[in-house]
Amino acid sequence: MPKTAAGLAPAADPSRWKALVFIALAQLMVVLDATIVNIALPSAQTDLGISDGNRQWVITAYALAFGGLLLFGGRIADKWGRKNAFITGLTGFALASALGGAATGEAMMLGARALQGAFGALLAPAALSLLAVMFTDAKERAKAFGIYGAIAGGGGAVGLILGGFLTEYLNWRWTFFVNIPFAIVAAAGAWLVVREPVGGRNRAPLDIPGVALSTLGLVALVYGFTRAASAGWSDTVTVAMFIGSAVLLTAFVFVESRVRSPLLPLRVLLERNRGGVYLSLGLAVIAMFGLFLFLTYYLQVVKGFSPVKTGFAFLPMIAGMITGSTQIGARLMTRVAPRLLMGPGFLLAATGMLMLTQLEVGSSYPALILPAQLMLGLGMGTAFMPAMSLATHGVNPADAGVASAMVNTSQQVGGAIGTALLNTIAASATTAYLTDHAAAAGGPAAKLIQAQAMVEGYSTAIWWAVGILVASATIALTLINTGRPGAGGPVASGDGAGAEVKVPVIAH
C-alpha cells in the first residue's frame, strides 16, 4: 500500500465495504433506468396520449440531460464533495422518478425524464469517483471494481427483465416508482457509512466557459446521433447538430488548454492509458447497445417472446458478465497487465457476437443465442472490470470526479452512436432484402419474407458490431501499456509521475 510522507500507511476506512453496497445499489438503479423504460414505453405512450413523433423524446430527454451534464456533474462532485453529490443525486433522481410515475401528460413525463438525466449526471460520476478514492489497495480495488463492473455491464439486461415483469404484471408506472426504494436505501446507507478522504476536493474556481461549451457540445452530439436514427444521416438538422458539436467541442478543447482551472484538465484525457480506456470502452458500448436493441426485437417480433420471457432470455449474458467481472477480471487484475484482460475480453465478446451473425428466423435459442450470450457476457465482464478501474487509477484525487465522468460520457456517447449507426445499417439491409425479394412478397409468403428481411438487417448490423469489438481490442492492446498494479511498469497516470504518492486520510 502507498505510504504517507511520514512513512506510515493510514488505516483503511473500516466502512468501505459497507459503502460499496450502497454505491453499487445506486449504480444499478442508474443502469437499470437505461433499459427499463424502453420496455414500458409503448404502454406509457398509450396512457399519456404521446404521439408517435414525440415518443422518442421520452428516451432522448433523458439522454440529452445525462450526456450533456456529465462533465459538469463530475466536476461538481470534485468541488462540493463526492458524498454530498452522491446523496443529492440520489434524492433528485428519486423525486424525478416519482414525478415520471405520476405523470398525467406528455409534458410532465418529458420534464421528469430530463430531471432524471440531470440528477443521474451528478450521481454516476460521484459513485465511481467514491470507489476510486476509497479503494487504493490493489487487491481490494480489484474486488470493488469487479462488482462495479459487473453491475455496469449487466445492469441493462436486468432492466429488461424487471421492466418486462413490472409492465406485464403491474403497470408501466412502476418502472419509475421502483427507483424510489433503491434511492432511499442507497442515500440512507451512504449518509451513515460513506467516509470521503480528506483533502480530495478541488477548490479551484469553476470553469464556466468550459461548462457551457462541453454541455452544449455533448448535447448537440448526442442529439445528432439520436436524430440520425429516425430522420436519417443527411437530414439538415442532423448535419447541423454534428457541425455544431464539432465546433463547440473544438472550442472546448482550446479553452481547456488555456484556462488556469479547466473543467476537464487535458492531462486526464490525453494520458495514453486513460485515453485508451475511454476510446475502447466507448467503441465496445456501441456494439453492446446495438446488440440489446436487435436481440430484443428479434426475440419479441420474430420469435414472439413476451416482454418477461425476453428479459429472462438475457440471463445468460448477465451470468457471463458477473462471472467475467468478479471471477476472472477481479482475480487476474493484480497478476496481469490490464491490456491482457481487456484485449482478450473484447475478442471473446467479438467471437460471441460473430456467432449471432448466423441468426435466422428459425434459429434455436439453446443452440445459438444462449452460448453466444455467455461468450459475450464473459468477454465484456472481463474487459469492463479493469477498464473501470484503470479509468480512474492514478488520477489526482481532485480530478477523480471528472475522470469518472469521462467514463460515463464515453459510454453515453457510445450508446447514442450504437443505436443510431447500427439501426441505420440494419434498416438499409432490411430494405435491400425486401427490394430483392419483391416478387415473392405477396400472398402467404409475405409475413415470412418480412421476418427474413428483419433478420437479414440484424445480422448485417451485428457484423459491424463484430468489427467494432475487434477495434476495441486492438486499441486496448496497443494504447494501454501500464503494467499490473504494483508491478512498477509504466505508470497509469500523467498527473504526477515521479512524485511522492500520498494516501489521503479518511474523514470520520
Side-chain angles (χ1 to χ4, degrees), residues 26-27 29-38 40-41 44 50 54-77 80 85-86 88-103 106-128 156 159 175-176 179 183 206 208 210-227 229-230 237 241 244-245 248-249 252 263-264 285 289 401-402 404-420:
Q27 174 65 12
M29 181 187 73
V30 173
V31 177
L32 281 176
D33 199 73
T35 51
I36 195 171
V37 175
N38 292 0
L41 185 54
I50 301 173
N54 289 338
R55 175 181 57 190
Q56 64 163 334
W57 281 101
V58 177
I59 306 301
T60 304
Y62 178 90
L64 292 183
F66 186 71
L69 293 171
L70 270 169
L71 288 178
F72 181 43
R75 184 51 90 198
I76 290 296
W80 188 27
F86 183 75
T88 302
L90 280 167
T91 303
F93 200 93
L95 291 173
S97 298
L99 189 66
E106 181 178 309
M108 190 171 172
M109 170 60 76
L110 298 184
R113 290 292 285 162
L115 281 174
Q116 276 187 313
F119 283 107
L122 182 63
L123 172 61
L128 182 55
T175 60
F176 288 89
N179 290 330
L206 187 62
I208 300 299
V211 170
L213 289 169
S214 66
T215 300
L216 293 173
L218 288 171
V219 164
L221 183 63
V222 173
Y223 183 60
F225 281 112
T226 303
R227 185 176 175 85
S230 56
V237 176
M241 287 295 111
S245 174
L248 288 164
L249 293 178
F252 171 67
L263 173 71
L264 175 62
V285 170
F289 262 65
V402 77
S404 301
M406 272 304 303
V407 179
N408 297 108
T409 300
S410 65
Q411 291 178 297
Q412 185 66 22
V413 172
I417 295 172
T419 302

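All values derive from a computational prediction rather than experimental measurement.
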> Which value, rounded to the nearest 0.5 Å, describes the distance between L218 atom CG and L213 atom CG?
Replying inline: 10.5 Å
> Any idea which heavy atoms bring Y62 and G117 closest together, and the distance?
Replying inline: CD1-N, 3.4 Å
> Just by distance, do the side chain of S97 and the backbone of F93 share a donor-acceptor pair under 3.5 Å?
Replying inline: yes
>> If you compare all heavy atoms of A65 against all heavy atoms of A121, which two are closest, and at what distance to 0.1 Å?
In response: O-CB, 4.2 Å
> Looking at CG of L64 and OG1 of T215, how far apart are the two atoms once the value is rounded to the nearest 0.5 Å?
Replying inline: 12.0 Å
> Can you name the closest pair of heavy atoms from S214 and L71 and give their distance?
Replying inline: CB-CD1, 4.0 Å
> Under the side chain to side chain contact (heavy atoms under 4.5 Å, CB included) test, which residues partner A94, sequence neighbours left out?
Replying inline: A183
>> I'd like to check the side chain to side chain contact (heavy atoms under 4.5 Å, CB included) partners of A26; sequence neighbours left out, ordered by chain and number.
In response: F86, L90, L123, A186
> Ignoring hydrogens and geometry, is there a side-chain-to-backbone donor-acceptor pair from R113 to V58 under 3.5 Å?
Replying inline: yes
>> In the structure I gave you, are the side-chain heavy atoms of Q116 and N179 within less than 4.5 Å of one another anywhere?
In response: yes
> Would you call L99 and F176 a side-chain contact if the rule is heavy atoms closer than 4.5 Å?
Replying inline: no
> Looking only at heavy atoms, what is the nearest atom pair of I50 and M109, with distance?
Replying inline: CD1-CG, 4.5 Å
>> Can you tell me how far apart CG (L70) and CG (L264) are? Round to the nearest 0.5 Å.
In response: 12.0 Å
>> For A96 versus A112, what's the shortest heavy-atom pair and its separation?
In response: O-CB, 3.6 Å
> With distance as the sole test, does T88 use its side chain to make a donor-acceptor pair with the main-chain N or O of A85 at under 3.5 Å?
Replying inline: no
>> I need the minimum non-hydrogen distance between F72 and L263, along with the two atoms involved.
In response: CA-CD1, 4.3 Å
>> Once rounded to the nearest 0.5 Å, what's the spacing between atom CG of L115 and atom CZ of F119?
In response: 6.0 Å
>> Any non-hydrogen side-chain atom of L221 less than 4.5 Å from a side-chain atom of F225?
In response: yes
